[in-house]
Amino acid sequence: MRTKSSATTATPIAVTAPPEARGLGTAQAALGVVAFSLTFPSTAWGLESFGPWSLVALREVLAALVAGGCLLAAGVRPPARRHLAGLAVVALGVVVGFPMLTTLALQTSTTAHAAVVVGLLPLTTAVFSALRTGARPSRRFWLAAVAGAAAVLGFTVAQSGGALTAADGCLFGALLVCAAGYTEGGRLARVMPGWQVIGWALVLCLPLAVPAGALALAHEPVHLGFHGVAGLVWVALGSTFFGLLVWYRGMAAIGIPRASQLQLAQPLLTLVWSALLLGEHFTAAAPLTAVAVLVCIAVTQRS
């Protein structure tokens with residue numbers, strides 16, 4: 001007789017995992033960062049074919065359908081009631097809030113300017129983690145985190161000319177809700193498989209995403225093209241589903257603060273993708289900043 005798997009009976013993934021597990025967790029978190037680094041360029045592509053509200057809703061619907069199919073095929077039982085509040089935070093933060101606010105911002109902001117948000121996200125996530133989970137990283141950890149965030153922030157602001165736009169409110173709001181979602185998702189990924197965390201968060205959003213998508217498509221023009229469709233597919237399946245899946249697994253294995261510092265490299269990766277896919281340019285300061293960021297990441301990993 002087949003026994004269905006349950007999110008509540010999964011073996012917790014401890015932060016004090018053996019070196020092999022920590023190495024795998026670091027690799028998974030890094031893979032999530034690579035997936036996330038394509039989000040802004042892919043969103044810019046998606047906006048070539050869809051309006052902002054349509055793009056966000058379709059992104060959630062596609063990702064939720066894939067996640068729901070995986071949960072159904074695996075025979076996973078619904079999450080325990082005590083986990084619903086945490087899943088709601090994940091859903092509101094990383095499934096709805098961050099995509100919606102950044103997509104609205106990217107209508108008038110460049111991907112380089114939007115990368116400021118990602119540059120600040122590791123530090124914000126570490127702060128949320130300390131408040132939510134009681135983690136107390138060392139002083140050296142915090143100094144390296146602040147230095148890395150400052151380096152990325154200075155680089156990305158310089159790339160965008162240092163100008164503040166009307167989109168900044170959306171970007172800073174996205175920063176806060178995403179950090180909260182990452183923190184809660186990382187905590188839940190220690191008591192249930194990471195793919196179930198993002199899977200159930202996506203499924204929770206489906207009843208709202210379907211009517212929202214229908215309404216948006218009725219009021220926003222659609223001009224289908226390769227870029228638009230490819231951008232939609234990536235933000236739905238690459239960033240939202242696969243990226244968050246490996247990201248939460250990585251956070252569960254190596255800890256939320258340490259995993260969040262790997263994201264210090266994300267703005268630089270985003271700028272590289274933006275140059276390749278969107279034709280944007282950046283100065284020779286990129287390799288210097290990359291070296292500084294890698295040094296900061298190395299320090300946090302040893303702290």
Side-chain angles (χ1 to χ4, degrees), residues 13 15 22 25-37 39-40 86-99 101-102 114-153 156 170-191 194 197-198 201 239-240 243-270 293-294 296-301 303:
I13 306 175
V15 178
R22 291 199 300 270
T26 299
Q28 290 174 324
L31 188 58
V33 170
V34 174
F36 296 153
S37 70
T39 300
F40 287 166
L87 289 171
V89 173
V90 176
L92 292 175
V94 302
V95 177
V96 177
F98 187 80
L101 291 170
T102 54
V116 171
V117 174
V118 180
L120 295 175
L121 188 56
L123 183 58
T124 308
T125 303
V127 172
F128 268 75
S129 171
L131 295 174
R132 179 68 178 88
T133 67
R136 293 294 181 268
S138 67
R139 179 177 298 180
R140 185 173 66 171
F141 178 97
W142 286 112
L143 289 175
V146 171
V152 173
L153 178 61
T156 50
C170 290
L171 293 174
F172 285 115
L175 168 69
L176 295 176
V177 297
C178 190
Y182 278 175
T183 300
E184 199 65 21
R187 185 186 67 83
L188 287 173
R190 295 176 62 190
V191 296
V197 174
I198 185 56
S239 300
T240 305
L244 287 172
L245 185 157
V246 293
W247 174 245
Y248 282 143
R249 287 182 63 88
M251 281 199 296
I254 66 176
I256 298 170
R258 181 175 293 178
S260 70
Q261 301 316 304
L262 294 174
Q263 278 196 305
L264 288 168
Q266 185 173 325
L268 301 180
L269 290 174
T270 297
V293 167
L294 291 176
C296 292
I297 292 175
V299 173
T300 60
Q301 293 295 297
S303 300

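Computed from a prediction, not measured in an experiment: that's the story for all the values here.
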- request: Locate the shortest heavy-atom distance separating A29 from A259; write the atom from each residue and the value.
  value: CB-CB, 4.4 Å
- request: Please tell me if the side chains of Y248 and V94 come closer than 4.5 Å, counting only heavy atoms from C-beta onward.
  value: yes
- prompt: Is the closest side-chain heavy-atom distance between I254 and L262 below 4.5 Å?
  reply: yes
message: Please find the pair of heavy atoms, one from Q28 and one from G250, that lie closest to each other, and give the distance.
response: OE1-N, 3.9 Å
- line: One should read off an interatomic distance between T102 OG1 and L171 CG, to the nearest 0.5 angstrom, of 8.0 Å
Least distance between heavy atoms, V34 atom then S37 atom: O-OG, 2.6 Å
query: In Å and rounded to the nearest 0.5 Å, what is the CG to OG1 distance from L269 to T39?
result: 11.5 Å
Expected list for residues 118-127: side-chain donor-acceptor pairs under 3.5 angstrom, two or more places apart:
residue	atom	partner	partner atom	Å
T124	OG1	L120	O	2.9
T125	OG1	L121	O	2.8

statement: Nearest heavy-atom approach of A252 to A189 is CB-O, 3.3 Å
- prompt: Ignoring hydrogens and geometry, is there a side-chain-to-backbone donor-acceptor pair from S239 to F36 under 3.5 Å?
  reply: no
Run the side-chain donor-acceptor check on residues 175-185: report pairs under 3.5 Å with partners two or more places apart or on a different chain.
residue	atom	partner	partner atom	Å
T183	OG1	A179	O	2.9
E184	OE1	R132	NE	3.0
E184	OE2	R132	NH2	3.3
E184	OE2	R187	NE	3.0
E184	OE2	R187	NH2	2.6

task: Please name the pair of heavy atoms, one in A91 and one in A201, separated by the smallest distance, quoted to 0.1 Å.
output: CB-O, 3.6 Å
- prompt: Side chains of V95 and I198: closer than 4.5 Å at any heavy-atom pair?
  reply: yes
